[in-house]
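Taking it in order: structure first as structure tokens, then the write-up.
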Amino acid sequence: MGEAQIAKKTLLGMVPADSPFYRFHPVGRMALLIFLSVTPLFIDMPEVNLGLILVTLGLLWWGRVRMQQVRRYLPLLVTVAIFMFGVAFLAPGNRTALTPIRSVGATFYFEPMWWAFVSYCRLIAMLFGAILYFSTNRERDTLVALRSLGVPFAVSYVAALSLRSAGMFMEDFKTIREAQQARGLDLESLSVVEKAKLYTMYTVPLFAVALRRADEISNALFAKGYTLSGRPAGGGRRTDYLRAQYPVRARDWAVSVGLVGAFALVAALSKTTGVFSDHLSPLRAVVVGMVAAR
Amino acid sequence: MRLAVEVERFSWRCPFAQRDALREVSLAIPAGEFTLVVGPNEAGKTTLMLAIKGIIPHSLAGRHDGTVRVFGEPVAQKNAAVLARQVGYVFGDPDAQFTALTVEEEILFGLENVGVPTSEIGARIRRASELTMISDLLDKPPYDISGGEKQRVAIASVLAMDPEILILDEPTSMIDPLGKDLIVDICGSLKRDRRMTVIVVEHNVEAFAPLADRVVLVRDGRIEREGAPRTFFDDVESLIDCGVYPPQVTQVFARLQRRGLYAGPLPLTDEEGVAAGTRLLQGAGRWR
Amino acid sequence: MSVPRTASVGPSGEAVWATERGERRQPGIVHVVMLALFIGIGIVVGTLGSLAVPIGFVSAFWPGQAVQAVGGVWFGWWGVLAGMFFPFISNALSGSAPLPVSAAYLPANFLQSFLAGAAFRWLRVDPRLQTSRDWFVWVVIGVLLANFLGAFWGTYVLTWFGMITASARPTALLGWFFGNSVPSLIFGSILLKYVSPMVLRSKAFAKGWWA
Amino acid sequence: MIRAERLAFRYPDGTPALDGVTLTIAAGEFVALIGQNGAGKTTLAKCLAGLLRPTHGRVVVGGIDTAAKGVMKALVRRIGYVFQNPDHQLFNTRVYDEISYGPKNLGVPERERDAVVREVAAVAGVRPELFSEHPFFLSKGLRQRVAIASTLAIRPQVIVVDEPTTGQDYRQSIDVMEFLTRLWRQQGHTIIIVTHEMPIVAAYAQRVIALCRGRVLADGPTREVFAQPDLLAQTFVKPPQVTRLARAWAGAGVRADALTVDELVDEVVRVAGGERAVAVPRAGRQEPPAGPGAQADA
């Protein structure tokens, strides 16, 4: 049967249990999420964002995430591009103030097209940051990170339970689909309208199961002695074994503080000096030169 | 004798229900006793257990009458954390009881809730998971393992809390036969070594009857019959009518008794049955 | 513990929201659990909806709003909270909006979750949609108004983030509006009609805003 | 009817579930798949029904390779699968729609469909008054029957039922098993059940396939498989109590492979009481069993 490579189930798929990401504390990984997926907001210069995308892809590769999982997002990248550039082409705004480019039998306007490009790079950079996080973290990691940051127990519990229940509903969803196939449903031969109808068949059982589950889980929580405040009765404190299991070491603090600091620095620089403005982009200079030469 | 559980004329009705799920039920269970609860589905077995655990009336809305006491104090006046230390509850549906993301968290969740110090939690997890043979599952999500494993995880998470009373609602419904033996052995050792008060609701009577000090039949929201296992199963046919399947060995000898081939107490275990049968066949001069 | 089967005649409109004499309603663990489960269900429905028809951040078919609307109707603030938070994760998973954009969407998601619940409570509408008046309030306020306001704010955010040009805003607004309204009308109606009878009997149902 | 060749299956996280399973099931058999938790019973059953695609090897059902493209519609007419948890397979809002869902997918004309729905509902014990009910409001036992009826409506030649008796009390278990036996005996369906209840297997199944860690450990007539307790122990299964008793008394002339309370009582009576030999049916074609245990003697 060969060596079975055991993988950990993350929110978006599987990652080998020995992925180097697991050498870092969940808090550090959450800091990475903030850095990669919020920083681009303050960066207009497309080169920087493209660089961040490359870094993220590099991290995905380094973290041994299966590339099939990432490839699922390819169609999305294309449709988002079509949408953004399409809008810029069809509705460019006040044409008289813009620079026209005539090409392949149509008139484009430089400014909206360039702006679409800038926004697209920023959006994709932010998305890849989130994809990286969800591909390499389990629900438990999010829970540990929240607890280590001192988030109130009830909040961290709701966050973790909602991620977990999303996982359960995905499983339910798969089973329902299997059950439909078992009764002769052929997904490939369905029209769009019929596919839309399918959602109804998924949603009703999903909600009914959710109702049952809410009752069951709240009974189970009561049975395990959980109170809304999270405090055991008769004084005393709720203990936190999980957090004690994942001590945040000096290196983890350094990584987390470094990433959040880098984020803050970029944000500050962007607002005060405009160093990440798209007007400073070398690529823009090249394109503007090409447009002028025509 | 110290009573662990006293149920006094307890009635219960769910909202929107047409009739009471429990009707003036009374039951007293001494500390350290092993009780087996049997009866058809929807007869009120689980409802009775929920009332002892205090989920009724704390966590389920409805109308109730009468009182349930645990160690002399009404459960309605105890809060969740106190009850969690006194009464452990393993739910019937293994999917219905998980509250955490991994098996390990499942076990430690209750321990954190009642404030067990972190230094002690590791040892408790280890002990409970070794006892139920789930040590290799600690890192997995509880919804990603097989039904039988789920049931063992549920039992481990309750055992780790070290309760004085343990309620198990159909703990072996999804477990393979030898896995069932493991659960039965655990229950046996809890009774023997830890003097724990154990209440088991089961359709699989064969495995638990030999351990039980007393068997209780719940039917139609009432306790219809109650007694020591040796006498409880005497009337095999009427039990089968109630949806209860007595141990096969007991059935065999009850039938032989009626045919006039056997006289004596009805056996409950393999060993007793083998011995009784051997005597019977030897008596008939048939043992070669 | 299963829900007993009875004919569907029960309290309607007025009676659904009225608390009985002596009835004490207060939030419990079940509401917190429901909040989490609804976020979970929203993540699944929202993600799959966007992945099935991915045409960028204004999904032409986003059943997530149905979850938002029925959540507000059934579970009051708990449903509204769920409706506000699940898009953060479903947008990130499906790739339709990164975290900062989702944060900016918050007011839109609040309205899309809140309006139906508010209208049903104030106007004493039966969640099982039994009269034409029930339908009218649901469609006009819960679906059309909520999604129009949501789309109005959402497309403003898109313009603000520079993801669409100002002149593209009307198109995007229409796309958002129909992309939410159509599935909401279909799924939301089905959920209200077929799942409400179960919800009304569950302890998680909120007659008031919190319980 | 069903042929599985060197089946292997691995979960996405790399855990193996099946490892080289080869077996043949003929039309008209009543088979029980047994084995410990995690032995691969459900995975095998789902592979046979074409719901899971094996990682290696292939399954041919009634001449159709389950892995081939576009065969689902033809396949479901040959093999139907009833899930363990009815909650997941009931996705329509009315019982009637639930039962007619399969035939509708297969393009059965409406008038014919209605006749089929009424017929299978009657067979499964789902009364027409329930047709407009929401499946979620039914009791668990009824939900299970609706699930079976909706699978029957497709008229598959083979019916696979995962854990037909879990969570049911003794009466309800007998009801379900008697119902499956009628389908097998009267309508000629092939039945495959996945179960942990050995008394049920002993009383109803004609053939037992015992799995252990993804491999077939024992495969044969129920009586023969249960007569090998040492082999069974490897699969974490033990024969029913009556079989264990019968083995212990074999020295006195009691047949060692008795499967039900009825059989064992009759054997003891015959041996001890010297009554006329009771004709014990052969394992190949058991007489209609009266349930895994005692009924009234008469």
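Here is the naming used below: chain letters follow the sequence lines, and residue numbers restart at 1 for every chain.
Ranked by heavy-atom pairs under 4.5 Å with chain A, the list C/Ile41, C/Leu35, C/Val32, C/Ile89 is led by C/Ile41. Across A/Ala160, A/Ala116, A/Ser165, A/Ala81, the residue that shares the most heavy-atom pairs under 4.5 angstrom with chain C is A/Ser165. Between chain C and the options A/Phe134, A/Phe207, A/Phe222, heavy-atom pairs under 4.5 Å are most frequent for A/Phe207.
Atom CG of residue A/Leu221 and atom OH of residue A/Tyr157 lie 4.0 Å apart, to the nearest 0.5 angstrom. A/Phe128 contributes atom CZ, which lies 13.0 Å from atom OG of A/Ser37 (distance to the nearest 0.5 angstrom). Taken to the nearest 0.5 Å, the CG atom of A/Leu32 stands 7.5 Å off from the OG1 atom of A/Thr136. The distance from atom OG of A/Ser156 to atom CG of A/Leu143, rounded to the nearest 0.5 Å, is 5.0 Å.
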- Message: Apply side-chain contact (heavy atoms from CB on, under 4.5 Å) to residues C/Leu144 and C/Val139 and explain how you reach the verdict.
- Response: CA-CA 6 Å; C/Leu144 300 179; C/Val139 173; 4.1 Å; yes
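The part of A/Ala130 that comes within reach of chain C is its side chain, from C-beta onward, which places non-hydrogen atoms under 4.5 angstrom from that chain. Neither the backbone nor the side chain of A/Arg164 comes within contact range of chain C, judged by heavy atoms closer than 4.5 Å. With a 4.5 Å cut-off on non-hydrogen atoms, A/Ala210 touches chain C through its backbone and its side chain both. Residue contact with chain A, scored on non-hydrogen atoms closer than 4.5 Å, involves the side chain of C/Leu191 exclusively. Both the backbone and the side chain of A/Leu206 come within less than 4.5 Å of a heavy atom of chain C.
Of all residues spanning residues 202-211 of chain C, those with a heavy atom less than 4.5 Å away from chain A's heavy atoms are C/Ser202, C/Lys203, arranged by number. Within residues 69-88 of chain C, the residues having any heavy atom closer than 4.5 Å to a heavy atom of chain A are C/Val70, C/Trp74, C/Phe75, listed by residue number.
Using a cutoff of 4.0 Å between basic side-chain nitrogens and carboxylate oxygens, A/Glu171 and A/Lys174 are scored as salt-bridged. Taking the charged nitrogens against the carboxylate oxygens, A/Asp172 and A/Arg213 do have a contact shorter than 4.0 Å, which makes a salt bridge. Under 4.0 Å is where a charged nitrogen must lie from a carboxylate oxygen, and between A/Arg138 and A/Asp141 at least one such pair does.
Using bins of under 30°, 30° to 60° and over 60° for the plane-to-plane angle, the ring pair A/Trp114/A/Phe110 lands in the parallel bin. Using the six-membered ring where Trp is involved, C/Tyr156 and C/Trp153 have ring planes that are tilted, between 30° and 60° apart.
Checked against the 6.0 Å centroid criterion, the rings of C/Trp176 and C/Tyr105 qualify as a close aromatic pair.
Residues C/Gln68 and C/Gln112 bring a donor and an acceptor atom of their side chains to less than 3.5 Å of each other.
Looking at A/Thr39, A/Asp44, A/Asn49 one by one, the single match for side chain to side chain donor-acceptor pair (under 3.5 Å) with A/Arg122 turns out to be A/Asp44.
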